[in-house]
Amino acid sequence: MYKVIGATKSRAFRVMWMLEELGEAYQQVDAGPRSEEAMKYNPLGKIPALVDGDAVLTDSVAIMTYLGDKHGKLTAPAGTIDRARQDAMTFWLIDEFDAILWAAAKHSFVFPEDRRVPEIKDSLKTEFLRSADLLADRLEGPFLMGEHMSHADILACHCVNWSIGAKFPRINDKLGAWAATMRDRPAFKAAQEKVAG
């Protein structure tokens with residue numbers, strides 16, 4: 001059984017959702033960043049971490065990539081054109097969605113108050129909306145990569161949800177409707193129930 005280390009309202013949810021989609025059993029340890037529990041698994045105190053036997057893996061996207069490759073689901077096969085396209089989408093999401101939200105979080109509550117620049121958040125919100133519009137234009141099927149779900153969908157939907165929690169402006173209707181269908185998936189709801197529990 002896998003062990004997911006990370007607070008429920010964090011990037012750990014991505015890993016939990018993916019494990020639910022894969023139908024793999026896991027135990028979740030609700031640890032916050034830089035907590036004593038998190039430090040046991042990652043000397044930097046970052047979450048999430050995934051324990052698989054004796055191995056400890058870190059970084060939510062690296063963990064999702066590993067799980068997809070290991071179980072042969074929610075990913076295109078390595079060494080294929082489809083995988084290269086999926087990786088390009090994943091890296092774009094890290095740069096254009098996740099990094100923007102993380103920058104806003106740092107200037108909201110992560111940095112010490114004397115290092116925060118609240119004024120930057122308006123430009124980050126504008127940039128996020130621009131990226132959301134670009135992503136909506138690229139959406140041609142039920143999933144980001146077309147007919148088959150991949151971990152890129154989990155990453156993108158988690159970022160959309162994060163933007164809502166961070167009180168970013170409402171994204172365009174097309175991407176919003178897509179995210180709603182993702183949140184309606186049984187695996188998403190199962191991971192959420194663990195959050196509530």
Side-chain angles (χ1 to χ4, degrees), residues 6 9-19 21-22 46-48 50 57-108 110 120-185 187-188 191:
K9 290 186 177 181
S10 74
R11 291 177 176 112
F13 185 81
R14 301 170 181 175
V15 177
M16 294 167 60
W17 180 7
M18 181 142 181
L19 286 166
E21 292 282 355
L22 293 171
K46 292 186 174 185
I47 55 172
L50 177 78
L57 305 174
T58 58
D59 185 274
S60 63
V61 177
I63 293 168
M64 290 192 298
T65 301
Y66 166 75
L67 289 171
D69 286 342
K70 180 177 179 181
H71 296 284
K73 298 177 186 172
L74 298 177
T75 189
T80 64
I81 295 297
D82 284 344
R83 176 58 170 267
R85 290 181 176 139
Q86 175 189 297
D87 287 347
M89 173 64 79
T90 301
F91 300 151
W92 184 87
L93 289 166
I94 292 168
D95 288 342
E96 302 295 332
F97 263 33
D98 187 273
I100 291 170
L101 292 160
W102 180 233
K106 287 190 282 190
H107 288 282
S108 297
V110 177
I120 199 172
K121 291 192 284 184
D122 285 342
S123 65
L124 293 171
K125 290 174 182 179
T126 300
E127 190 68 13
F128 187 85
L129 286 179
R130 186 189 71 79
S131 294
D133 289 343
L134 290 170
L135 187 59
D137 288 344
R138 296 171 72 178
L139 190 57
E140 294 181 1
F143 303 108
L144 294 181
M145 303 313 301
E147 296 301 316
H148 302 286
M149 183 177 175
S150 71
H151 65 253
D153 295 287
I154 292 173
L155 174 59
C157 185
H158 182 262
C159 286
V160 168
N161 295 346
W162 184 359
S163 77
I164 295 167
K167 299 191 176 10
F168 271 43
R170 190 173 185 272
I171 59 170
N172 64 76
D173 290 343
K174 182 179 180 182
L175 194 60
W178 169 83
T181 65
M182 295 300 294
R183 288 191 292 268
D184 202 37
R185 293 181 66 80
F188 179 93

Carefully, step by step, assess Leu135 and Leu93 under the rule side-chain contact (heavy atoms from CB on, under 4.5 Å).
CA-CA 9 Å; Leu135 187 59; Leu93 289 166; 4.0 Å; yes
Is the shortest heavy-atom distance from the side chain of Arg170 to the side chain of Ser163 under 4.5 Å?
no
How would you list, by chain and number, every residue that makes a side chain to side chain contact (heavy atoms under 4.5 Å, CB included) with His148, sequence neighbours excluded?
none
Side chain to side chain donor-acceptor pair (under 3.5 Å) partners of residues 134-145, not counting sequence neighbours, each pair once
none
Any salt bridge between Asp153 and Arg185, counting N to O under 4.0 Å?
no
When you check the side-chain N and O atoms of Thr58 and Lys46, is any donor under 3.5 Å from an acceptor?
no
Got Glu21 and Phe188 here, is their nearest side-chain heavy-atom distance under 4.5 Å?
no
Qualifying salt bridge (Lys or Arg N to Asp or Glu O under 4.0 Å) pairs, either residue in residues 59-68, two or more places apart:
none
Rounded distance [0.5 Å steps], CD1 in Ile154 versus CE in Met149
4.0 Å
Sequence neighbours excluded and cut-off under 3.5 Å, please list the side-chain donor-acceptor pairs for residues 82-91, or say none.
from	atom 1	to	atom 2	distance (Å)
Arg83	NE	Asp87	OD1	3.2
Arg83	NH1	Asp69	OD1	2.8
Arg83	NH1	Thr75	OG1	3.4
Arg83	NH1	Ala76	O	2.9
Arg83	NH2	Asp69	OD1	3.3
Arg83	NH2	Asp69	OD2	3.1
Gln86	OE1	Ala76	N	2.8
Gln86	NE2	Thr75	OG1	2.9
Thr90	OG1	Gln86	O	3.0

Spacing of SG belonging to Cys157 relative to CZ belonging to Arg14, to within rounding of 0.5 Å:
11.0 Å
Full working for side-chain contact (heavy atoms from CB on, under 4.5 Å) between Asn172 and Leu175:
CA-CA 6 Å; Asn172 64 76; Leu175 194 60; 3.4 Å; yes
Might you point out which heavy atoms bring Met145 and Ser150 nearest each other, and give the distance in Å?
CG-OG, 3.7 Å
Contacts satisfying ring-ring contact (aromatic ring centres under 6.0 Å, His included) that involve residues 153-178 (not counting sequence neighbours) are Phe128-Phe168
Would a 4.5 Å heavy-atom cut-off, applied to side chains only, mark Ile47 and Arg11 as touching?
no
Would you check if Leu144 and Leu155 make a side-chain contact, meaning some heavy-atom pair closer than 4.5 Å?
no
Once you round to the nearest 0.5 Å, how far does CG of Leu124 lie from OG of Ser108?
9.0 Å
Examine distances only and state if a side-chain atom of Asp133 and a backbone atom of Arg130 form a donor-acceptor pair shorter than 3.5 Å.
no
Are Trp17 and Met182 side-chain neighbours, meaning at least one heavy-atom pair lies under 4.5 Å?
yes
Identify all side-chain donor-acceptor contacts of residues 99-107 below 3.5 Å with residues at least two apart in sequence or on another chain.
from	atom 1	to	atom 2	distance (Å)
His107	ND1	Val117	N	2.9

Is the shortest heavy-atom distance from the side chain of Leu67 to the side chain of Lys73 under 4.5 Å?
no
